[in-house]
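Heads up, the thing below is written out as structure tokens.
Chain letters run A, B, ... following the sequence lines, proteins first and then strands; every chain starts at 1. From a predicted model like this one, the values you see are computed outputs, not experimental measurements.
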Amino acid sequence: MELPKRPNFSEYEQSLSKWWEEEGFFKAKIDPDKKPFTILLPPPNANAPLHAGHALYVVEDILSRFYRMQGRPTLFLPGTDHAGIETQFVLEKKLKKEGKSRFDYDRESLYKLVHDFVEENRGVATDQLRRLGFSLDWSREKYTLNPEILEIVYSTFKKLHEDGLIYRDERLVNYCTRCGTGFSNLEINHAERDDHLYYLDYDGIEIATTRPETIFADVAVAVNPNDPRHKDKIGKTVKVPLINKEIPVIGDGLVEIDFGTGALKITPGHDQTDFEIGKKHGLERISVINRFGRMVNVPEYIEGLNVKKAREITVEKLKEAGKLIKVEDLHHAVGTCYKCKSVIEPLLVPQWYVKVKPLVENVIKALDEKRVSVFPERFERDLRRWLETAPDWNISRQIVWGPQIPAWYDLTESPDIEVTFLDKEGNRITGVYKDINDKYEFDEIKNGLQSLIAPVNTPFYLDPKDAPSKFVLQETDTFDTWFSSGQWPLTTLGFPDSKDFKYFYPTTLLDTMWDILAFWIMRMLMLGIYRTGEVPFKWIHLHSRVVDARGQKMSKSKGNVVNPMDLVEKYGADALRFALMFGVAPASDIPLGEEKMIGGRNFVTKIWNISRFIFGQTTHLNDLNVDYETTQAEMWDVLEEDDKTILNRLNATITQVTKVLDFDNDKENHDKFQFARALDALYNFIWDDFASWYIEAVKERLFTDTPGESAKKALWTLVFTWREALKLLHPFMPFITEEIYQKLPNKDAKSISIAKWPQSLKTTK
RNA sequence: GGGUUCGUAGCUCAGUUGGCUAGAGCAUCGCGUUUACACCGCGGAGGUCGUAGGUUCAAGUCCUACCGGACCCACCA
């Protein structure tokens, strides 16, 4: 057996990945007598290529490959996510380049545009997952918009509704006027800004505000009842500058005495704190900014302007009116859209909410009862904090890309619904139905419909057939992406009746980076337990973040983003997998640089060269007729000292690697998930013990002029040790190990990926 | 404002519940081209483990404070 001088990794990696899939080694088989091992791949976006972080799903692959070799029925299930906002955002950028916008299309046409766009790109990510060597069961691949998945998502919505856990409400929503949708609290970033604090004269009381343009929506002034400067004013009225509207002064403990002047203007329509105060005191809610970020219900001079411009002009007017006392610089944090970075505008928009409390309680209980364990443990505190503070979940988004909320309104019954649509000529019309239904046919509205807004108490039907008339429109909002991906363990396995679901649920382990703990993991726990009574996974493993070689977070603006596929191209998938696992502590950042990749590649080459040596010997000394099938136990007594030494080292390595990977059998196992420890042990064993020491030590016995029994024993030990070492390394570096395994004279399975995991033999020296 | 986390060799990082002369990869220096491998082998140099205290027979490892990074949460307008 002759090997080329250098491993041609790009050739064998690709052909092996194809062969594995064709042979169906990773197709999970249900065996009721055995305990399954199940991992669901966190679905990457269907329309985008993988980034470096995705390569870290190698953690899941290592564990899947390990348990598969241990003989457990193993399901590592792939899928992709439609990624609502992300994807629509990308498409809108594309439209913009073509001089168009989302407003140029009716809802249906826009949906189709996104759909076609995604279809073009589907397959990119999945091909890359194959290229990385992930042992996924492609026969079970899922996509969040598959009809059978949507059916389950809708059934959850229906059940939530039946249980009284779904409601609509008009409260302040984190709204991005640029993206045109509201967000949940989790999706808001806080960005530090240098702004101004304006001190205004409210005819009798001095107010400090950062948002003078919202004074037209003021309904009160609030002071702290314990503030000696102001408390006597409670119950009196003051006048809003410029419009001279009379508003009451109220007392509320939420007002900070030390900030500004201690007096707060109350604008329940545009500020979260004010909304709370307004609710407590039963105050009116006025909107002066609409969903497009334009001023409405305001004096003419700022009507229709954007917020920034309106602020400038309002400040001018205040100055002219002598109501602007002073301006201070203020450094503070403002909410921004996590997607487009625009400032979030809190707006009054009706949305769909899930009552979270009953769902959350069961998750906390599961944590208390240790039905689900978190690694590293510190993240359990984070998870609990998220659970304990979770506000009701806004599951509606004002975008088209995603499952449309399955609720229908009857326009005859509810003519106060506002519709926005393209008429026959393509003009965009917005109006309340009852005001425009004499001008436009229902069908014209329906066909050109972009969006609708139904007042909070509008009756809705989960089946359009239940509506009293036939003038029925479906809610135009879509589900939050996390509402569907939050049901991934249910949808992928075919809840509630499929064989897969009954056998593979609950899954064994969920592994992601810690940044989506609240978005995804918490939601899967909530909805999984809600629908099945059981946790969706028994273990949560939070893995590291990939950063650049200098430890900096990768970002497009810094230009330090590493494309994992470029690295695979240049150094091979095994080298990348090595680089991501070597010398890394759990959940700490992984600096990924060229040097580390070179280290990985060198290790692959080392393995290659060890194999070249061994195959050279087995070929050359073929007439010794070594029986490679003989077991370690059978050989032990006749072996020489060096042979026993390397086998003892091998056995120690088996113990160490197994302990790291076998997390599921012993909760007290301190080595679980310490992948770097296992890889380090393997690296040292292979490079130092086996290659540098044993091979050198044994050369004399092999190279002698008349090779005999001693050479035979050495050959047996070489070949046996090497096969077992390759198996141990296989979960980490699947390609090179398979490539060599296929050429071994003592191969014990069709593929190393289904070969029997090495057993540590207790031996005496 | 609250919280998490890190600060160990020139660089990037390991170091499990405190316990042998503190480790790895890369870089560096010297030697070496022996029929697997220079993407190699042998050998060497290199660290007061952020600072200051404390607990202990014993601390990189635990406690306190401080300095310096990173990150997360938050309704000071």
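Within 3.5 Å, a donor on the side chain of A:E696 pairs with an acceptor on the base of B:A36, or the reverse. Counting distance only, with no hydrogens placed and no angle test, the side-chain atoms of A:R612 and the base atoms of B:C37 include no donor-acceptor pair under 3.5 Å.
In the set B:A36, B:A24, B:C37, the nucleotide with an atom closest to the side chain of A:R6 is B:C37. Of the candidates B:A74, B:G15, B:C37, B:C37 carries the atom nearest the A:K5 side chain, counting heavy atoms from C-beta on. Closest to the side chain of A:N609, out of B:C37, B:U16, B:G15, is B:C37. Comparing B:C39, B:G25, B:U4 against the side chain of A:Y683 picks out B:G25 as the nearest. Minimum atom distance to the side chain of A:E256 is reached by B:A77, of the listed B:A77, B:C26, B:G15. Taking only side-chain atoms of A:E595, from C-beta outward, the nucleotide of B:C26, B:U12, B:C71 with the closest atom is B:C26. Checking B:U5, B:A36, B:C71 against the side-chain heavy atoms of A:W514 singles out B:C71 as nearest. In this structure, of B:A77, B:U16, B:A36, it is B:A77 that holds the atom nearest to the side chain of A:D271. Nearest nucleotide to the side chain of A:T273, out of B:U5, B:C75, B:A36: B:C75. Looking at the side chain of A:H670, the nearest of the listed nucleotides B:A38, B:U17, B:C39 is B:U17.
Partners of A:F690 by ring pair (Phe, Tyr, Trp, His ring centres under 6.0 Å), not counting sequence neighbours, listed by chain and number: A:W722.
For A:D688 and B:G41, the CG to C1' distance is 12 Å, given to the nearest whole Å. Look at CZ on A:R311: it is 12 Å from C1' on B:A77, rounded to the nearest Å. For the pair A:N684 CG and B:G23 C1', the computed distance is 10 Å after rounding to whole Å. The distance from atom CG of A:D589 to atom P of B:C71 is 9 Å, rounded to the nearest whole Å. Residue A:D548 contributes atom CG, which lies 14 Å from atom P of B:A70 at whole-angstrom precision. Between the NZ atom of A:K596 and the P atom of B:U12 there is a distance of 13 Å, rounded to whole Å. Taking atom CG of residue A:L621 and atom C1' of nucleotide B:U35, one finds them 13 Å apart after rounding to whole Å.
Comparing A:L330 and A:T605 along RNA chain B, the residue whose closest nucleotide (by nearest heavy atom) sits nearer the 5' end is A:T605. If A:F703 and A:G583 are placed on RNA chain B by their nearest nucleotide, the residue sitting closer to the 5' end is A:G583.
Looking at heavy atoms from C-beta onward, A:R171 lies out of side-chain contact with A:Q272 at the 4.5 angstrom threshold. For the pair A:Y12/A:F735, a side-chain contact is recorded, criterion being any heavy-atom separation below 4.5 Å from C-beta on.
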Could you write out RNA chain B as dot-bracket? Rules: Watson-Crick or G-U wobble, both distances under 3.5 Å, brackets [ ] for crossings, | for pairs with another strand, dot for unpaired.
(((((((..((((.....[...)))).(((((.......))))).....(((((..]....))))))))))))....
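The phosphate of B:G41 has OP1 or OP2 within less than 4.0 Å of a side-chain N or O from A:K606. The shortest distance between the side-chain N/O atoms of A:W687 and the OP1/OP2 oxygens of B:G41 is below 4.0 Å. Remark: A:K699 is in phosphate contact with B:A36, judged by side-chain N or O atoms under 4.0 Å from OP1 or OP2. Between A:T209 and B:C76 there is no side-chain polar atom (N or O) within less than 4.0 angstrom of OP1 or OP2. For the OP1/OP2 pair of B:C73 and a distance below 4.0 Å, the side-chain nitrogens and oxygens of A:H190 include no atom meeting the criterion. Between A:K553 and B:C71 there is no side-chain polar atom (N or O) within less than 4.0 angstrom of OP1 or OP2. In terms of phosphate contacts, A:N602 brings a side-chain nitrogen or oxygen within less than 4.0 Å of OP1 or OP2 of B:C40.
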Residue pair A:D252, A:K280: steps toward the salt bridge (Lys or Arg N to Asp or Glu O under 4.0 Å) verdict:
CA-CA 9 Å; A:D252 196 291; A:K280 241 189 285 178; 3.1 Å; yes
Please report the C-alpha distance between A:R550 and A:D548 in whole Å, then the side-chain angles of each, then the deciding distance to 0.1 Å, and finally whether the salt bridge (Lys or Arg N to Asp or Glu O under 4.0 Å) criterion is met.
CA-CA 5 Å; A:R550 270 191 270 110; A:D548 76 4; 5.1 Å; no
Show your reasoning for whether ring pair (Phe, Tyr, Trp, His ring centres under 6.0 Å) applies to A:Y683 and A:F582.
CA-CA 9 Å; A:Y683 187 87; A:F582 194 72; 5.0 Å; yes
Worked verdict on A:I521 versus A:T512 for side chain to side chain contact (heavy atoms under 4.5 Å, CB included):
CA-CA 9 Å; A:I521 296 181; A:T512 77; 3.8 Å; yes
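Counting non-hydrogen atoms under 4.0 angstrom, A:R385 reaches the backbone sugars and phosphates but no base. Within the nucleic acid shown, A:S588 comes within 4.0 Å of sugar-phosphate atoms alone, with no base atom in reach, counting heavy atoms only. Using a 4.0 Å heavy-atom criterion, one finds that A:A691 contacts the bases of the nucleic acid, with or without backbone contacts as well. Among the heavy atoms of the strands lying under 4.0 Å from A:I695 is at least one base atom, whether or not backbone atoms are also near. In this structure, A:S692 reaches the sugar-phosphate backbone alone: every heavy-atom distance under 4.0 Å involves primed, P, OP1 or OP2 atoms, never a base. The residue A:W386 sits close only to the backbone: its heavy atoms come under 4.0 Å of sugar-phosphate atoms, none of a base. The residue A:R601 sits close to a base: some heavy atom pair falls under 4.0 Å. Using a 4.0 Å heavy-atom distance criterion, A:F603 is classed as making no nucleic acid contact. Using a 4.0 Å heavy-atom cutoff across all strands shown, A:A549 reaches sugar-phosphate atoms only and no base atom.
B:G43 sits 41 Å from B:G53 when the P atoms are compared, rounded to a whole Å. Taking atom C1' in both B:G46 and B:A9, one finds a spacing of 6 Å when rounded to whole Å. Here the separation of B:U33 from B:A38, taken at their C1' atoms, is 9 Å to the nearest Å. Nucleotides B:U55 and B:C63, compared at atom P, are 15 Å apart to the nearest Å. Distance check on atom P: B:G10 versus B:C20 gives 23 Å, rounded to whole Å. Spacing of C1' atoms, B:G30 relative to B:G19, comes out at 36 Å, to the nearest Å. Rounded to the nearest Å, the gap between the C1' atom of B:G68 and that of B:U51 is 10 Å. To the nearest whole angstrom, the two P atoms, one in B:U4 and one in B:U64, are 11 Å apart.
A salt bridge is absent between A:E276 and A:K279; no separation between the charged side-chain nitrogens and carboxylate oxygens falls under 4.0 Å.
Here the straight-line distance linking atom CD1 of A:I736 with atom CZ of A:F9 works out to 10.5 Å at 0.5 Å rounding.
Residues A:W539 and A:F375 keep their aromatic ring centres 6.0 Å or farther apart.
No cation-pi contact links A:R6 to A:W608, judged by a cut-off of 6.0 Å to the six-membered ring centre and 45° from its axis.
Looking only at distances, no side-chain donor or acceptor of A:D218 sits under 3.5 Å from a matching main-chain atom of A:K265.
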